[in-house]
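Below is one structure, written out as structure tokens, with a few remarks after it.
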Amino acid sequence: MFCFQCQETFKNSGCVNRGVCGKTSDVANLQDFLIWISKGLAEIEVKSERNNKEVVDRIILNLFTTITNANFDFSQIKDRIFETIDMMNSLRENKNYSEAANWSSKNFSEIEKKINSGEVSILSEENEDIRSLKELITYGLKGMAAYARHAKVLGYESEKVNNFILTTMAELLREKSIDELVSLTLETGSMGYLAMETLDSANTKTYGNPEISKVNIGVRKNPGILVSGHDLKDFEMLLDQAKDSGVDIYTHSEMLPANYYPKFKKYENFVGNYGNAWWKQRDEFEAFNGPILMTTNCIVPPKDSYKDKLFTTGAAGYPGCKYIEADEKGHKDFSEIIELAKTCKAPEEIEKGSILGGFAHSQVMELADKVIEAVKNGDITKFIVMAGCDGRMADREYYTEFAKKLPESTVILTAGCAKYRYNKLNLGDINGIPRVLDAGQCNDSYSLIQIALALVDAFGVESVNNLPIVYNIAWYEQKAVIVLLALLSLGVKNIHLGPSLPAFLSPNVTDVLVEKFNIAGITNVEDDIKNLII
Ligand code: FS2
Ligand code: SF4
């Protein structure tokens with residue numbers, strides 16, 4: 001195996017025997033093969049005259065399945081490979097195709113032979129700059145696919161995004177120059193922005209605009225179900241099915257922003273948020289006592305104490321944990337989880353009190369006059385975008401320290417699970433505007449962009465780079481990659497990215513990003529505050 005797609009990759013170089021995330025080498029190899037034939041399937045579709053919706057849905061699911069910490073299940077990935085090959089075999093025409101598009105065998109030993117040849121591995125591309133750019137684009141596509149699928153289950157999709165995913169997957173099989181790949185990288189960012197916009201419409205039109213919310217982080221005495229991941233449709237179905245059952249529902253990690261949507265607030269059995277970011281789940285899931293539903297990443301290999309209570313659905317999967325399938329209409333039956341919850345003890349209280357959130361674009365626009373006035377009279381001197389991901393490595397303490405040491409005239413704009421490093425610090429407010437404004441999930445970084453664009457108008461400046469906004473973004477997996485590419489495609493400069501720069505960026509590709517966008521890593525809290533803020 002070789003995998004270097006996330007921030008925790010071994011020695012910031014690559015996982016080779018087993019993933020730091022827990023992914024086994026046989027699963028990693030199958031994921032590489034799945035991506036390779038997905039590119040082949042895309043090529044078949046692009047060369048045809050059809051517009052087969054099932055093809056793009058399949059490719060989106062395959063991409064999403066290989067995102068960090070989403071699916072560890074060898075047999076599920078094997079099934080997806082076979083289904084993809086079946087689809088290719090039924091759609092292939094009498095045309096000139098690449099080897100990936102021509103792959104037709106479902107004989108597993110032949111698939112293994114292909115994997116063992118190293119020809120579908122990331123390292124099969126020998127030129128490190130081409131490899132770097134192709135992987136950067138592939139990881140951007142994985143993040144985009146996740147957002148596209150969340151929108152699709154709510155009935156929203158963008159033809160442009162779908163077509164881009166198809167054509168780019170097919171293009172990645174071809175030889176490309178560095179210049180071509182650099183421009184494809186920026187195009188990926190623009191399409192990522194569109195995918196986030198589509199998801200924002202899907203979420204807000206279905207569940208209402210997020211509103212300022214005080215989220216309970218304590219517990220009640222009923223047994224509960226804990227829901228993690230990012231899929232709001234799954235959350236809604238479970239909430240609805242559990243409403244008269246006597247079982248309470250809590251969010252975990254990236255599902256916290258469900259608490260900000262008006263439609264979910266109406267459910268009396270929706271209690272609040274339990275715990276913190278994904279990487280604390282081994283302790284928190286144990287203390288929760290009840291069943292857990294993982295709707296997407298990030299899964300940490302579970303402890304035996306709760307493994308039989310961990311359920312997965314959608315693109316997520318873990319061997320030995322029950323998977324909840326959707327029927328042909330997209331409906332999922334969660335009764336087994338609800339029945340199991342009734343037999344469990346109530347959650348152990350690990351925290352008390354509440355946290356504040358719900359500062360997505362529409363809510364912030366309502367506060368716009370107040371915000372603009374505070375900037376004009378100098379009460380707010382800077383906004384710091386600290387969106388992105390959290391992770392388990394000790395050096396992420398940097399973000400807590402950074403937030404604590406920021407001048408009191410600054411406001412943090414956040415989205416994604418990165419927020420858990422500072423959303424319980426009680427940093428106070430400026431003229432009633434909280435100093436940590438949480439827009440929502442990582443995809444709600446879209447809201448942060450909307451806020452920046454509105455400030456460009458309000459202050460009559462030339463671009464987002466002329467605003468009192470600085471960027472200190474934390475990344476972990478591939479959704480953060482598409483958010484970063486979206487920001488670059490909008491011309492945002494001087495982004496600081498940490499806790500380490502991606503291992504998949506070769507020195508030359510890093511130089512291009514520095515030259516074009518002045519992108520940089522982080523150093524230490526004191527120096528970074530000095531450089532960024534003062
Ligand atoms: Fe956090 Fe994991 Fe949101 Fe990422 S829960 S690192 O999926 O996309 O963020
Ligand atoms: Fe390693 Fe990250 Fe890949 Fe997991 S996803 S195998 S931790 S690089």
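Numbering of ligands and ligand atoms starts at 1, following listing order.
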Self-check item: Sub-3.5 Å N/O-N/O distance, Asn297 and ligand 1
Solution: yes
Practice problem: Considering the heavy atoms of Gly19, write down every atom of ligand 2 situated less than 4.0 Å from one of them. | Solution: 1 (Fe), 6 (S)
Quiz item: Short list, please: which atoms of ligand 1 are under 4.0 Å from a heavy atom of His230?
Solution: 3 (Fe), 7 (O), 8 (O)
Practice problem: Within a distance under 4.0 Å of any heavy atom of Thr9, pick out the atoms of ligand 2 and give their elements. | Solution: 8 (S)
Exercise. Within a distance under 4.0 Å of any heavy atom of Cys3, pick out the atoms of ligand 2 and give their elements.
Key: 3 (Fe), 5 (S), 6 (S), 8 (S)
Quiz prompt | Subset of ligand 1 atoms that lie under 4.0 Å from at least one heavy atom of Cys389 | solution = 6 (S)
Self-check item: Winner among Lys419, Gln441, Glu477 once heavy atoms are compared against atom 8 (O) of ligand 1
Solution: Glu477
Practice problem: Using distance alone, with no hydrogens and no angle criterion, decide if Asn17 and Ser25 have a side-chain donor and acceptor under 3.5 Å apart. | Solution: no
Practice problem: Please answer whether the main-chain N or O of Met386 pairs with a side-chain N or O of Tyr422 as donor and acceptor at a distance below 3.5 Å. | Solution: yes
Practice problem: For the pair Tyr318 and Phe72, name the ring-plane relationship: parallel under 30°, tilted 30 to 60°, perpendicular over 60°. | Solution: tilted
Practice problem: Check ligand 1 against Ser253 and write out every atom of the ligand that is under 4.0 Å from a heavy-atom position of the residue. | Solution: 5 (S)
Quiz item: Nearest heavy-atom pair of Lys78 and Leu30: which atoms, and what distance?
Solution: N-CD1, 4.0 Å
Quiz item: Which one of Cys417, Gly388, Ala70 has a non-hydrogen atom at the shortest distance from atom 6 (S) of ligand 1?
Solution: Cys417
Quiz prompt | Side chains of Thr251 and Asn273, donor plus acceptor under 3.5 Å | solution = yes
Practice problem: Under 4.0 Å from a heavy atom of Glu254: give me the atoms of ligand 1 that qualify, with their elements. | Solution: 1 (Fe), 3 (Fe), 5 (S), 9 (O)
Quiz item: Of the backbone atoms (N, CA, C, O) and the side-chain heavy atoms from C-beta on, which set of Phe4 has a member under 4.0 Å from an atom of ligand 2: side chain, backbone, both, or neither?
Solution: backbone
Quiz item: Under 30°, 30 to 60°, or over 60°: which ring-plane class applies to Trp36 and Phe33, parallel, tilted or perpendicular?
Solution: tilted
Quiz item: When you check the side-chain N and O atoms of Tyr207 and Glu236, is any donor under 3.5 Å from an acceptor?
Solution: yes
Quiz item: What residue and atom, counting heavy atoms only, is the protein's closest point to atom 5 (S) of ligand 2, and at what distance?
Solution: Thr68 OG1, 3.2 Å
Practice problem: Run through Thr414, Asn276, Asp390 and flag the one making a side chain to side chain donor-acceptor pair (under 3.5 Å) with Arg421. | Solution: Asp390
Exercise. Find all atoms of ligand 2 within a distance of less than 4.0 Å from any non-hydrogen atom belonging to Cys15, and give their numbers and elements.
Key: 1 (Fe), 6 (S), 7 (S), 8 (S)
Exercise. Write down the atom of Trp475, the atom of Gln5, and the distance for their closest heavy-atom approach.
Key: CZ3-O, 3.6 Å
Quiz prompt | Per-atom contacts of ligand 1 with Tyr476, taking only distances under 4.0 Å to non-hydrogen atoms | solution = 6 (S)
Exercise. Evaluate the criterion ring pair (Phe, Tyr, Trp, His ring centres under 6.0 Å) for residue pair Phe285 and His252; output intermediate values, then yes/no.
Key: CA-CA 9 Å; Phe285 287 2; His252 184 261; 4.9 Å; yes
Practice problem: Can you pull out the closest protein heavy atom to atom 4 (Fe) of ligand 2? Residue, atom name and distance to 0.1 Å, please. | Solution: Cys21 SG, 2.3 Å
Practice problem: Examine Cys6 and say whether one of its N/O/S atoms is closer to atom 2 (Fe) of ligand 2 than 2.8 Å. | Solution: yes
Practice problem: Just say parallel, tilted or perpendicular for the rings of Tyr446 and Tyr193, cut-offs at 30° and 60°. | Solution: tilted
Self-check item: Numbering as shown, the atoms of ligand 1 that approach Lys479 to under 4.0 Å (heavy-atom distance)
Solution: 7 (O), 8 (O)
Quiz item: Can you list the ligand 1 atoms lying under 4.0 Å from a non-hydrogen atom of Cys298?
Solution: 2 (Fe), 5 (S), 6 (S), 7 (O)
